[in-house]
Structures are given as C-alpha cells and as structure tokens.
Amino acid sequence: MSIAADSTQKFTDYANPERLVSTDWLAEAIAAGTVGTPELAVVESDEDILLYETGHVPGAVKIDWHTDLNDADTRDYIDGEAFAKLLGAKGISRDTTVVIYGDKSNWWAAYALWVFTLFGHQDVRLLDGGRDKWIAEGRPLSTETPTPAAAEYPSVQREDAPIRAFKDEVLQHLGNGPLIDVRSPEEYTGARTSMPAYPEEGALRGGHIPTAASVPWAKAAAEDGTFRTRAELEAIYLDGAGLRAGDDVVAYCRIGERSSHTWFVLKHLLGFDKVRNYDGSWTEWGNAVRVPIAKGEAPGTL
Amino acid sequence: MPAELLEIIDDFQALEEPERLQLLLEFSRSLPALPDRFAEHPELLEQVVECQSPLFLTLEVADDRVQLFFSAPPEAPTTRGFASVLHEGLNGHSVREILAVPDDMPEQLGLTHALTPLRLRGMTAMLGRIKRQVRAQLPND
C-alpha cells in the first residue's frame with residue numbers, strides 16, 4: 001500500500017477498510033498535490049461516457065469500461081499487454097494507488113475495480129459515494145483533461161480463477177455453494193429478461209439460476225450513493241440472503257457489471273474470502289442449452 | 001431525410017472518432033428546455049425506457065408540422081446528445097418526412113464503436129417512439 005489508508009471511522013467496521021476513501025480524503029489529496037503523481041491516480045468510470053467531459057474530479061483520468069476494458073472481438077477482457085498499455089498511458093504504474101469513482105453509486109467504478117483486480121493491481125480503492133456525492137457536496141469539477149506522464153506498467157497475466165466464474169464452474173457450484181442474483185425482482189422472477197428501463201440484451205428465457213437468492217445490487221447503497229454500514233450489509237446479505245461466514249459465493253446479474261458492485265461488497269466490506277463474479281451472467285445462462293432455470297419468487301431447487 | 005439531419009450526419013462522419021463524441025457533447029448542451037406547459041406537467045411526456053438514463057419526449061402536430069419536446073437530466077449527456085440531434089434534425093418537419101427517416105439512422109452517425117450498439121439503441125428507440133406518436137396523430141382514413 002503506497003499511500004496510507006483513509007482512517008474514516010465508518011470504514012473501520014469493514015473487512016478491508018483500506019479499499020474505500022472518503023470525499024474528504026480525496027479533497028485533501030488534491031490539495032496536497034498528490035493526484036496525478038506516480039503515487040496516486042484517480043480514475044473516473046461511468047455508465048454515461050460523456051459525463052467525464054462535462055466535468056470531473058480535478059486530475060482524474062477516464063477509463064471507459066466497455067471500450068477500454070473489454071476485448072473488441074471476444075466476449076472477454078483485454079489481455080495483459082493491452083492493460084499495460086492502457087494503464088501506462090494513464091500514468092499508472094504497478095505500485096500506484098488507484099482511486100476509482102463513477103456515476104450511479106459507483107456501479108461502473110466497481111466493475112473497473114474488479115477488472116483491475118483480475119490483473120492483480122494491489123492498491124485499488126473506491127471513492128465512497130462516487131461522483132454524485134462529490135458533486136452534491138459542491139466540490140470542484142474540472143473540464144481539463146490531464147496529460148499524465150506515461151508510466152511503465154508491466155504486462156501481467158490476468159488471473160481469472162480466484163474472482164471470476166465461468167458457466168461450467170457455476171454448474172459445478174450448484175448445490176455446493178450460495179449464489180446471489182443481483183438483478184431487479186422482475187428479472188429474477190422471469191417476468192422480464194432485461195432490467196426495467198434498460199434495453200433488451202437478448203436472453204431467450206427469463207428467470208434465475210436455481211437456488212440463487214435475490215438481492216438487487218442497489219440494496220448495498222444508501223440514498224447518497226455511499227455503501228451501507230457493515231451492520232446494515234450484514235442484515236441484507238447474512239440475515240436476508242442467508243450467507244454464512246466462509247461461504248464460497250458466486251454473484252451474477254445480466255452481463256456482470258452490477259454483480260461486480262456486489263462482489264466488492266461481499267469481498268471487501270463483509271470479508272468473504274471466496275467470492276466470484278459470473279460475468280457471463282444471465283445473457284449467457286438464459287440462452288445456454290440444457291442449463292436449469294427457476295422462475296418465480298422462490299430460489300427454487302435443483 | 002430532412003436536410004438538417006443529413007447535414008448533422010455529414011458533420012459526424014467528417015470527424016475522427018474522439019471528436020465525434022465531442023460533437024455529441026456539444027449537442028447535449030444545446031437541447032432546448034421544455035416549455036412551461038410540459039415542464040409543469042411531466043406526466044404528459046412519454047418515457048423512452050430503452051435509454052440508459054431517464055429520457056422523456058412528446059410531440060405536437062399542427063398544420064402537418066411536428067414540434068418535438070425532450071427532457072433529460074444534465075447528468076445524462078449521451079442521452080441528451082441523442083435527443084438534441086433528433087431535435088435539431090427533425091423539429092418542424094412534416095409528418096411524411098419524419099416517418100421517412102430510416103430506422104437505422106442513429107447508426108449512420110458513426111458512433112457504434114465509441115458508444116457501443118447497446119447505448120445507441122436508446123436513440124433508435126427515441127426515433128421509434130417519435131414515429132409511433134406521429135402515426136397516432138394521423139387522421140383515420
């Protein structure tokens with residue numbers, strides 16, 4: 001950890017408090033002149049890709065989850081070489097502390113953080129409350145695009161296995177460990193195949209993976225976009241969804257972005273050691289041949 | 001297609017990809033505000049649920065001319081940009097001209113790589129709903 005963790009009281013209850021920074025912490029880092037140095041990079045990652053251009057945290061660079069982090073042809077993430085090129089161009093080296101923030105309660109920011117984790121980037125944190133909280137507090141925005149000095153980032157092999165689940169692994173997981181479905185209740189029950197207010201992404205069937213508990217991702221966020229307290233999160237995921245300490249958990253949604261938000265919560269805030277994000281998610285499962293599906297409000301049996 | 005819309009497509013096509021996004025951003029800034037009769041009655045607008053951000057639209061037809069009205073929050077610049085392109089390209093045109101706009105017109109802006117087809121689908125949906133509202137106002141014959 002190259003930069004000291006934020007000591008905000010709320011964070012100390014979380015399993016890995018060093019994974020979050022507060023808006024105060026970031027404002028101080030800007031004032032101290034550390035943003036955009038080899039020590040600290042701030043990255044904005046949004047759903048609306050023009051949002052960064054309308055004004056961003058001073059010194060923040062932009063990473064687009066779709067065009068920067070996804071391979072253009074295969075349904076996969078970029079490889080080590082492309083990641084090295086992307087991060088090097090943003091002035092980020094292997095030991096740079098990276099703080100990511102974004103719109104919609106850090107939904108895409110959490111996704112970017114998860115992809116950084118696939119490459120084993122050690123020190124990557126989220127700004128609690130994301131872009132909306134920064135703006136709501138009247139903090140400064142800049143339309144100047146920073147041009148950080150290029151950095152050397154090594155080409156590292158992506159390591160998917162610890163935090164990413166593929167379809168066959170989810171099939172093996174059935175009956176052996178809990179699943180969390182983070183989509184909307186309408187998608188879970190099978191009433192519809194895409195989330196309300198979002199376009200169809202072509203799943204042939206509606207429903208959920210049998211035994212999966214329904215916990216829409218946004219339940220983890222408070223009104224102001226910050227993460228709920230540890231006690232509130234335990235009420236949602238332990239008491240509500242039945243997770244137990246030590247569980248091997250798989251989370252999924254429609255294409256794996258909403259569930260990376262839940263992955264962050266389970267992994268870093270609640271401290272589950274083994275949490276995987278099934279990024280094939282419902283667009284794959286709902287179209288796959290001979291995989292079981294459950295419909296309705298009940299998790300269903302195998 | 002109306003000359004204004006063709007011109008907008010040409011403008012986008014003439015630019016390199018990063019500049020196309022800048023142009024869309026400029027469009028997002030020039031979307032006119034709703035007149036009071038709609039601003040005070042948002043329930044009169046139809047939500048385009050295919051958009052990834054809240055987008056509402058309605059239109060009025062008088063003397064065969066179509067007036068378009070859009071509402072989108074400032075924190076949704078992409079969606080506002082789409083709405084603004086359609087407003088500038090189509091507003092004030094005739095029913096026939098609007099119905100003749102090809103359904104795949106959004107793809108002609110050359111944004112499919114930068115924005116992904118999924119995001120562009122919101123604009124296609126706006127165009128579809130505009131056409132449907134126009135058709136609904138045609139006299140029965």
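Letters A, B, ... mirror the listed sequences (proteins, then strands); counts begin at 1.
Contacts between residues 52-61 of chain A and chain B, counted as heavy-atom pairs separated by less than 4.5 Å, involve A/E53, A/T54.
Nearest heavy-atom pair across B/T78 and A/I49 is OG1-N, 3.9 Å.
Checking each of A/D48, A/D46, A/L51 against B/E75 for a side-chain contact (heavy atoms from CB on, under 4.5 Å) leaves exactly one that passes, namely A/L51.
When heavy atoms are compared at a cutoff of 4.5 Å, B/R29 approaches chain A solely by way of its side chain, counted from C-beta outward.
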Distance-only criterion, 3.5 Å: show the donor-acceptor pairs between side-chain atoms of residues 134-142 of chain A and protein atoms not counting sequence neighbours.
residue: A/W134; atom: NE1; partner: A/P140; partner atom: O; Å: 2.8
residue: A/E137; atom: OE1; partner: A/T23; partner atom: OG1; Å: 2.8
residue: A/E137; atom: OE1; partner: A/R139; partner atom: NE; Å: 2.6
residue: A/E137; atom: OE1; partner: A/R139; partner atom: NH2; Å: 3.2
residue: A/E137; atom: OE2; partner: A/T23; partner atom: OG1; Å: 3.4
residue: A/E137; atom: OE2; partner: A/K133; partner atom: NZ; Å: 2.7
residue: A/R139; atom: NH2; partner: A/D24; partner atom: OD1; Å: 2.7
residue: A/S142; atom: OG; partner: A/E144; partner atom: N; Å: 3.0

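Within a 6.0 Å radius of CD in A/E297, other residues, nucleotides and ligands contribute 12 heavy atoms or fewer. Open room surrounds CZ on B/R96; 12 or fewer heavy atoms of other groups in view lie less than 6.0 Å from it. In the displayed structure, B/E16 atom CD is contacted under 6.0 Å by at most 12 heavy atoms of other residues, nucleotides or ligands.
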